[in-house]
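Only this structure's heavy atoms are used, side chains among them; waters, hydrogens and symmetry mates stay out.
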Amino acid sequence: MAISSSVILSPLNFNFITNNKDISKNLSFLSANPLIFNISSKPTNINKGSSIVLCSYKSGSGLTAEDKRVLRERYGFDPNEYISETKNERIKEGKKQGKGKEVVAEEEAKVPRTTHKLLQVLGGKAKRKKLLSPKGMDVRPMMEVVKGAAFDILQAADGCPASLRPGRWLDLYSGTGSVGIEAISRGCSEAHFVEMDPWVVSNVLRPNLEWTGFLDASVIHPVRVETFLEQADRFAGNGPFDYISVTPPYTQVDYGMLMSKISKSPIVGEDTFIVVEYPLRTDMLDSCGCLVKIKDRRFGRTHLAIYGPKWAQKKRKSEKTLQNTT
């Protein structure tokens, strides 16, 4: 029998018997310290019935985030997955860099995350219902003026100014869920929310869906957007989405790479509409796979780009021509 494990994420206790003497060892490691062990029952030169436990580990001397990333990659884990550090780990790392007092002060200054109700649904059957959002800037919801403009453009481009067609909406970097909730309120039959922060999911997103009565029409994916796009067939299943909203944290994504991944993903079809919120001085291409940019508007330091099928662009051009002639 051979047993092999990768990174150990919790303390490990084990007992083993050697030469008929009970020896108990309790090993407690920091969450990212890898422990590899093998248990062999093959015959050896020692007394019958004994077992050999071979352990190899790196002691808890303090691993940096980069060390942990390398170790996770070595043992088959996604190196980009979030690796949490305890308060003591961060303080020790700060002391090594000569920032001990600053790190301690920062840790002590942290306050519990709380919510408030500043957002609301703008249209449809849940109109004027208030939505929760986190206090602070760790989650930045789409501004209501931008959200309202996006849905007005989508409804007009899709040929139904009063509502959205009953399709499927994908809300990437969903946060509060305000965009996907707006979509269900205005006619979408189903919305998928991709949000990796467990606190936001349990304290903001899910309560908002319950409050608006849209929980049964929703699917929450608590994973990274990159992971969702790579495994879209597994997570989404039923072919391309009718609508996709992309509202990432401005400073944490490369829009060129992100839009490239989206355009190559099976979540996009020939009749998909994509809403992208992006910051000033960001170059957005005129196309996204088979889709073309049908609208680009500026709201202060925020831009809104909407991609859609070519027929929607032709329809919009013909409407403009008709308006100019009249």
Margin query: For the backbone of Lys261 and the side chain of Ser265, can you confirm whether one donor and one acceptor N or O come within less than 3.5 Å of each other?
Written below: no
Note to self: Quick one, Asp197 and Arg113 - any side-chain contact, counting heavy atoms below 4.5 Å?
What the structure shows: yes
Note to self: Under 4.5 Å between side-chain heavy atoms, counting indirect links through other Ile/Leu/Val/Met/Phe/Trp/Tyr residues: same cluster for Leu291 and Ile262 or not?
What the structure shows: yes
Note to self: Could you measure the distance from the CZ atom of Arg301 to the CE atom of Met143? Nearest 0.5 Å is fine.
What the structure shows: 11.0 Å
Note to self: Test side chain to side chain contact (heavy atoms under 4.5 Å, CB included) on Thr212 and Ser185; report intermediate values, then the result.
What the structure shows: CA-CA 9 Å; Thr212 53; Ser185 181; over 6 Å; no
Check: Do the side chain of Lys129 and the main chain of Trp211 share a donor and acceptor less than 3.5 angstrom apart?
Finding: yes
Check: Any side-chain heavy-atom pair from Lys127 and Arg186 closer than 4.5 angstrom?
Finding: no
Check: Hey, is NZ on Lys264 packed in by over 12 heavy atoms from elsewhere, all under 6.0 Å?
Finding: no
Next item on the list: Check step by step if side chain to side chain contact (heavy atoms under 4.5 Å, CB included) holds for Lys293 and Met284.
Entry: CA-CA 9 Å; Lys293 189 191 291 184; Met284 296 294 290; 4.0 Å; yes
Notebook entry, point to check: Tell me, do Tyr173 and Ser245 make a side-chain contact under 4.5 Å, heavy atoms counted?
Noted result: no
Notebook entry, point to check: Would you find a donor on one side and an acceptor on the other, under 3.5 Å apart, between the side chain of Glu195 and the backbone of Gly175?
Noted result: yes
Next item on the list: Supply the atom-to-atom distance Asp271 CG to Trp311 CH2, rounded to the nearest 0.5 angstrom.
Entry: 6.0 Å
Margin query: Can a donor-acceptor pair be found, under 3.5 Å and without considering hydrogens, that links the side chain of Asp158 to the backbone of Leu154?
Written below: no
Margin query: I'd like to know if the side chain of Asn208 reaches the main chain of Thr176, judged simply by a donor and an acceptor atom lying under 3.5 Å from each other, with no hydrogens or angles considered.
Written below: yes
Item checked: Minimum side-chain heavy-atom gap Thr227-Phe235 below 4.5 Å -> yes
Item checked: Inter-residue atom distance Leu258.CG - Leu172.CG, 0.5 Å rounding -> 7.5 Å
Notebook entry, point to check: Would one find more than 12 heavy atoms of other residues, nucleotides or ligands at under 6.0 Å from atom NZ of Lys117?
Noted result: yes
Notebook entry, point to check: Under a 4.5 Å cut-off applied to non-hydrogen side-chain atoms, are Val246 and Tyr255 in contact?
Noted result: no
Check: Where the side chain of Glu144 meets the backbone of Leu122, is there a donor-acceptor pair that is under 3.5 Å apart?
Finding: no
Next item on the list: Ignoring hydrogens and angles, state whether a donor on the side chain of Tyr250 or Thr282 is under 3.5 Å from an acceptor on the partner side chain.
Entry: no
Check: Is the count of non-hydrogen atoms from other residues, nucleotides or ligands lying under 6.0 Å from Arg165 atom CZ greater than 12?
Finding: yes
Checklist line | CG on Leu118 to NZ on Lys130, rounded to 0.5 Å | finding: 7.5 Å
Next item on the list: Check whether any side-chain heavy atom of Phe228 sits under 4.5 Å from a side-chain heavy atom of Met196, and report yes or no.
Entry: no
Checklist line | Gap separating the SG atom of Cys188 from the CD atom of Glu182, nearest 0.5 angstrom | finding: 10.5 Å
Checklist line | Minimum heavy-atom distance between Pro166 and Ser189, given as atom pair plus value | finding: O-OG, 3.4 Å
Next item on the list: Measure from the side-chain N and O atoms of Thr115 to the backbone N and O of Ser133, and report whether any donor-acceptor pair falls under 3.5 Å.
Entry: no
Notebook entry, point to check: Just by distance, do the side chain of Asp242 and the backbone of Gly167 share a donor-acceptor pair under 3.5 Å?
Noted result: no
Notebook entry, point to check: Are Ile244 and Val179 connected in the hydrophobic side-chain network, where two residues link if heavy atoms are under 4.5 Å apart?
Noted result: no
Item checked: Pairwise distance CE(Met259) to CG(Leu285) - rounded to 0.5 angstrom -> 8.5 Å
Checklist line | Side chain to side chain, Leu304 and Lys295, heavy atoms closer than 4.5 Å | finding: no
Item checked: Cluster link Val268 to Val225, ILVMFWY, side chain under 4.5 Å -> yes
Check: Counting heavy atoms not belonging to Glu210, are there more than 12 under 6.0 Å from its CD?
Finding: yes
Check: Can you name the closest pair of heavy atoms from Gly300 and Leu280 and give their distance?
Finding: O-CD1, 4.5 Å
Next item on the list: Measure across Thr272 and Pro240 and return the closest heavy-atom pair with its distance rounded to 0.1 Å.
Entry: OG1-CB, 4.3 Å
Notebook entry, point to check: Ile220 and Leu132: same hydrophobic cluster, using ILVMFWY side-chain contacts below 4.5 Å?
Noted result: no
Check: Side chains of Leu209 and Ile181: closer than 4.5 Å at any heavy-atom pair?
Finding: yes
Checklist line | Parallel, tilted or perpendicular: ring planes of Tyr243 versus Trp169, cut at 30 and 60 degrees | finding: parallel
Next item on the list: Any chance you could lay out the side chain to side chain contact (heavy atoms under 4.5 Å, CB included) test for Glu277 and Phe299, step after step, and finish with the verdict?
Entry: CA-CA 10 Å; Glu277 185 185 32; Phe299 301 84; over 6 Å; no
Next item on the list: May I ask whether Phe151 and Phe193 are part of the same hydrophobic cluster, defined by side-chain heavy atoms of I, L, V, M, F, W, Y residues being less than 4.5 angstrom apart, directly or through others?
Entry: no
